[in-house]
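Basis for what follows: all heavy atoms, side chains included, without hydrogens, waters or symmetry-related copies.
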Amino acid sequence: MTSIDREFIDSLPKAELHLHIEGTLEPELKLELARRNGVDIGQSTVDEVRETYAFTDLTSFLAVYYPAMEVLVTEQDFHDLAMDYLRRAAADGVVRAEIFFDPQAHTSRGVSFRTVIDGLWSAVQEASSLGVDAALIMCFLRDHSAVSAKETLESSLPFRDRIVGVGLDSDERGNPPEKFAEVFAAAKEAGYRLTMHCDIDQEQAITNIETVLHSIGVERIDHGTNILENPALVDEAKQRGIGFTCCPLSNSFVTEEMKGAEITTLLREGLKVSIASDDPAYFGGYVGDNIAALADAQNLTREDVVQLARNSLEISWADDERTEVWLRQLEELVSGGGIITT
Ligand code: ADE
Ligand code: ZN
């Protein structure tokens, strides 16, 4: 058991870079939105909603996750969802939040792209009052067609200045990265930054990681710890400063374990590993809980935890000046507060 206390973890300025806004739908808000929008979800108490949050792998998780979104209908709903998350993030010391959203999960059920982006964008603007610099990353659903991803990219272009980058999520099985090579190239051309999920222990995981690094040209990989299967790719990712956004609590729900040893190995080998919460309403904790769980399981030192925070700031897509300020704050906290005692 580590001696790292929660107060220490929360005190560190950090960036959260792997957070699906739809995955922050807590049962309380789900019930409120269902009432507000007159949607019959089949449950009427928090416990009943929680009981539906049962899954053993990525596919069974996604089968619960998408239907739950039916309560998200209006611009106000998306705003409220994002504000609830941002308040929790601020309490965990998050100074920069790069928030994934899945337009196709909403446009496919008749909610317009504008409704989604207007609601999220007003929350992004309001986030500064909480001390959080927020940004939006649009994810394509990899189990939908490449044509649908292309159409989604087109829909996003009028809102180009509200979206910092694009990602790829949903079910990796049978949906390798090369299916989206063209749309990612077009997104890059339009000025978007690039990241992609390489989920844990997927079939062809290492092949997909290689494709993402060599053919897609991402700056970050979401999850991605299977890279350890190929030491040459580990070296390459280190040389290139590729960011990794790892989610221990999520891993322990959709695989056998949190992959703490793998995350710690990559961190201590000097790769740019950061910790995030993925879908915190479903996986039992926000970013501070994820760092604490990893620290406990792996007996992390305070230096390790500081390095995770430092990495998260370094690999974020925030303005350089802001990043420098946060990094300076982190270093001052570490040196001034005498908090490294190991
Ligand atoms: N969408 C939301 N969470 C996801 C995850 N962990 N992997 C892939 N797609 C997701
Ligand atoms: Zn994810």
Side-chain angles (χ1 to χ4, degrees), residues 16-25 58-59 61-62 65-66 68-69 72 78 81-82 85 97-109 111-113 115-117 119-121 123-124 134-157 159-160 162-173 175-188 190-200 202 208 212 216-224 243-247 250 254 276-283 315-317:
E16 172 145 54
L17 307 174
H18 184 162
L19 180 281
H20 302 264
I21 200 63
E22 296 89 350
T24 68
L25 183 61
L58 181 60
T59 306
F61 162 65
L62 294 171
Y65 179 68
Y66 291 117
M69 294 178 201
L72 293 164
F78 287 93
L81 178 70
Y85 160 67
E98 297 183 4
I99 298 171
F100 290 144
F101 70 110
D102 286 345
Q104 291 153 292
H106 311 300
T107 53
S108 62
R109 53 189 181 85
V111 177
S112 74
F113 194 102
T115 297
V116 179
I117 193 89
L120 296 177
W121 182 245
V124 164
L136 298 174
I137 299 175
M138 175 176 74
C139 285
F140 304 115
L141 298 184
R142 68 197 309 160
D143 49 352
H144 289 219
S145 69
V147 170
S148 172
K150 202 78 203 284
E151 288 165 0
T152 304
L153 179 65
E154 295 289 327
S155 307
S156 77
L157 293 178
F159 309 101
R160 171 67 197 83
R162 299 183 182 184
I163 301 169
V164 67
V166 299
L168 186 69
D169 63 7
S170 203
D171 203 343
E172 191 163 331
R173 236 178 1 165
N175 299 297
E178 57 268 27
K179 177 176 165 187
F180 298 94
E182 223 174 276
V183 72
F184 268 67
K188 189 173 181 184
Y192 289 116
R193 315 288 290 261
L194 307 184
T195 187
M196 259 196 196
H197 276 58
C198 289
D199 268 285
I200 309 289
Q202 297 290 303
N208 288 351
V212 158
I216 310 291
V218 295
E219 295 172 67
R220 300 201 302 241
I221 295 179
D222 303 307
H223 301 295
F244 288 79
T245 64
C246 300
C247 310
S250 158
V254 300
S277 62
D278 208 2
D279 301 286
Y282 294 88
F283 299 140
I315 65 173
S316 100
W317 294 336

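- Here the shortest heavy-atom pairing between Cys139 and Asp102 reads CB-OD1, 3.3 Å.
- Looking only at distances, a side-chain donor or acceptor of Arg220 sits under 3.5 Å from a matching main-chain atom of Ile315.
- For the residue pair Glu16 and Tyr85, a side-chain donor N or O sits within less than 3.5 Å of a side-chain acceptor on the partner.
- With contacts defined as side-chain heavy-atom distances shorter than 4.5 Å, the pair Phe159/Phe113 qualifies.
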Candidate pair His144 and Asn175, rule side-chain contact (heavy atoms from CB on, under 4.5 Å), full reasoning:
CA-CA 9 Å; His144 289 219; Asn175 299 297; over 6 Å; no
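- Rounded to the nearest 0.5 Å, atoms OG (Ser316) and CD (Glu98) are 5.0 Å apart.
- Using a distance-only test at 3.5 Å, with no hydrogens or angles considered, a donor-acceptor pair links the side chain of Thr107 to the main chain of Pro103.
- Put simply, CZ on Arg160 and CG on Leu153 are 9.5 Å apart, with the number rounded to the nearest 0.5 Å.
- In this structure, the ring of Tyr65 has its center less than 6.0 angstrom from the ring center of Phe61.
- In this structure, Ser145 contributes its side chain and Ser148 its backbone to a donor-acceptor pair below 3.5 Å.
- Between the side chain of Arg109 and the backbone N or O of Met69, at least one donor-acceptor pair lies under 3.5 Å.
- Residues His223 and Thr245 form no side-chain contact, since every pair of their non-hydrogen atoms from C-beta on lies 4.5 Å or further apart.
- In this structure, Leu72 and Leu81 have side chains that are in contact, with non-hydrogen atoms separated by less than 4.5 Å.
- Across all their heavy atoms, Ala281 and Leu25 have their closest contact at CB-O, 3.4 Å.
- The nearest pair of heavy atoms linking Thr24 to Ile21 is OG1-O, 2.7 Å.
- In this structure, CD1 in Ile137 is found 9.5 Å from CD1 in Ile99, a value given to the nearest 0.5 Å.
- Closest approach of Ser156 to Tyr192, counting heavy atoms only: OG-OH, 2.8 Å.
- To the nearest 0.5 Å, atoms CZ (Arg193) and CD1 (Ile163) are separated by 15.0 Å.
- For Lys179, the NZ atom sits in a packed shell: over 12 heavy atoms of surrounding residues, nucleotides or ligands are nearer than 6.0 Å.
- Checking each of Asp222, Val166, Leu17, Leu136 against Phe100 for a side-chain contact (heavy atoms from CB on, under 4.5 Å) leaves exactly one that passes, namely Asp222.
- Once rounded to the nearest 0.5 Å, the distance linking CD of Gln104 with CZ of Arg142 reads 12.5 Å.
- Gly217 and Leu194 make their closest contact through O-CD1, 3.9 Å (heavy atoms, listed as atom of the first residue, atom of the second, distance).
- In this structure, Phe78 has its ring center at least 6.0 angstrom away from the ring center of Phe101.
- Judged purely by distance below 3.5 Å, without hydrogens or angles, the side chains of Glu172 and Asn208 pair a donor atom with an acceptor atom.
- Residues passing the ring pair (Phe, Tyr, Trp, His ring centres under 6.0 Å) test with Tyr66, sequence neighbours excluded: none.
- For the residue pair Glu219/Thr195, the side-chain donor-acceptor check at 3.5 Å is not satisfied.
- Interatomic distance, NE2 of His197 versus CZ of Phe140, reported as 14.0 Å (0.5 Å rounding).
- Residues passing the side chain to side chain donor-acceptor pair (under 3.5 Å) test with Ser108, sequence neighbours excluded: none.
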side-chain contact (heavy atoms from CB on, under 4.5 Å) between Val124 and Arg162, worked out
CA-CA 9 Å; Val124 164; Arg162 299 183 182 184; over 6 Å; no
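- Taking Thr152 as the reference, nothing meets the side chain to side chain donor-acceptor pair (under 3.5 Å) condition, with sequence neighbours excluded.
- The aromatic rings of His20 and His18 stand perpendicular to each other, their planes meeting at an angle above 60°, with 30° marking the opposite boundary.
- Across all their heavy atoms, Val164 and Ala135 have their closest contact at CG1-CB, 4.0 Å.
- In this structure, the side chains of Phe184 and Met196 come closer than 4.5 Å at one or more pairs of heavy atoms.
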